[in-house]
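Start at 1 and go down the list; that is how both ligands and their atoms are numbered.
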Amino acid sequence: MPDRTIDLRSDTVTHPTPAMREAMYGAELGDDVYGEDPTVNRLEELSAERLGKEAAVMLLSGTMGNLVGILAQTRHGDEAIVGAHSHIFLNEAGGPAALGGVQLHTVPTQRGVMTPDAVEGALRDPRNLHHPRSTLVCIENTHNRDGGAAVPVQAMDTVADVAHRNGLRVHVDGARLFNAAVALDVPIARLVRGADTVQFCLSKGLGCPAGSLLVGDAAVIQEARRWRKMIGGGLRQSGIIAAAGVVALEQMVDRLAEDHRNAKRLAQGLNSIPGLVVDVDAVDTNIIMLDVDDQRVDPKSFVARLREQGVKIGSPYGPRIRLVTHYQVTSDDVDFTLRAAEHALDLVAA
Ligand SMILES: Cc1ncc(COP(=O)(O)O)c(C=O)c1O
């Protein structure tokens, strides 16, 4: 057994910080289904304020936040435009179709960005009886499968303009939205100014054990609360979870820059090892996509050899290897990982 473990599979593997555990222990609680949990109320107010929107509702997960966001803004038979590599399309178990009767229409993304032409090209004709109704566009920022790409403000605004001009609403899957705002050095409220709803996760780079927020105007959040209840997401003393979320928003946002620096250095180091290829310039945030370019090396064996040395990585989305930095990965862990990668490659190529 290795005496050290570095878990780079995802930023979801993080454990709550000591400050979060303390806040959870001491959290003031009530019944949130009655709207009486002061800690949940505080987190929701803080979230809405940070994102420059009227209201927010806490949900258990990013998947639940996206689902409820979509359900609250569509009707059965509608169509939502989403990125072809988006988490909503690929990794949320078909929830919008299964539970909302919502068909997803995919458009390509390049580093998370949808072109206005692609969005316009996907719009259905509202007068044509053969067509479903286009009612929503979903943007993912940062874009997970596109390598943690931070979608710039202008690209967000452009898509929102096209959507609104055509009577559609805009939902942002911001599972890692704070990473995007930090990487782009733009106030988070500005980044999502054009969005009608935004889902962001507490349980990824921000280090919480669970929880997501859906923010938007008061009416859409009220509708989202109804859907949350319907799918069994109405919780009682959920201030236990919200307490960690408040700590996350107050203490864990600015430090994301450190994860981005670690990711960049890890990317540079990996790319300098013959046989490993990373597009270093494409590393905007905490996600690195790695390719093995050596005929002798089977990527699966490389991953297995790294694991023997205590470095956990994975290929959640096909042949490319993904590495994710987070607050439990130190600069020293980056050095260790680079040495381990070199060693693993030697062993597998031998
Ligand atoms: C971009 C994106 N959206 C949504 C989710 C779903 O979040 P959860 O795992 O909390 O349901 C994830 C999870 O990794 C994600 O990467």
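- Annotation for ligand 1: atoms under 4.0 Å from non-hydrogen atoms of N66 are 4 (C).
- Figure legend: cation-pi geometry between R4 and F336, with NZ or CZ positioned under 6.0 Å from the six-membered ring centre and within 45° of its axis.
- Taking a cut-off of under 4.0 Å to the non-hydrogen atoms of G62, the atoms of ligand 1 that pass are 6 (C), 7 (O), 8 (P), 10 (O), 11 (O).
- Atoms of ligand 1 lying under 4.0 Å from at least one heavy atom of T63, given by number and element, are 6 (C), 7 (O), 8 (P), 11 (O).
- Environment of CD in E28: sparse, with no more than 12 heavy atoms of neighbouring residues, nucleotides or ligands closer than 6.0 Å.
- Residue pairs meeting the ring-ring contact (aromatic ring centres under 6.0 Å, His included) criterion with at least one member in residues 219-251: none, sequence neighbours excluded.
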>> If you apply the rule side chain to side chain donor-acceptor pair (under 3.5 Å), what do you find for T197 with Q73, and how did you get there?
In response: CA-CA 9 Å; T197 51; Q73 299 177 91; 2.7 Å; yes
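- In the model, D146 has a side-chain atom that pairs as donor or acceptor with a side-chain atom of T109 under 3.5 Å.
- Less than 4.0 angstrom separates some heavy atom of S61 from each of these atoms of ligand 1: 10 (O), 11 (O).
- Within the structure, the closest approach of E92 to ligand 1 falls below 4.0 Å when heavy atoms are considered.
- Heavy atoms of R176 found under 4.0 angstrom from ligand 1 belong exclusively to the side chain.
- Some N or O of K204 is nearer than 3.5 Å to an N or O of ligand 1, by distance alone.
- When only modelled atom types and interatomic distance are considered, N262 and T325 share no side-chain donor-acceptor pair under 3.5 Å.
- Polar contact check, T12 against ligand 1: no nitrogen or oxygen pair lies under 3.5 Å apart.
- Between Q199 and ligand 1, not a single N/O pair is under 3.5 Å apart.
- Checking N66 against T63 by side-chain atom types alone, no donor-acceptor pair falls below 3.5 Å.
- Residue A175 holds the heavy atom nearest to atom 2 (C) of ligand 1 of all those in A210, A175, G65.
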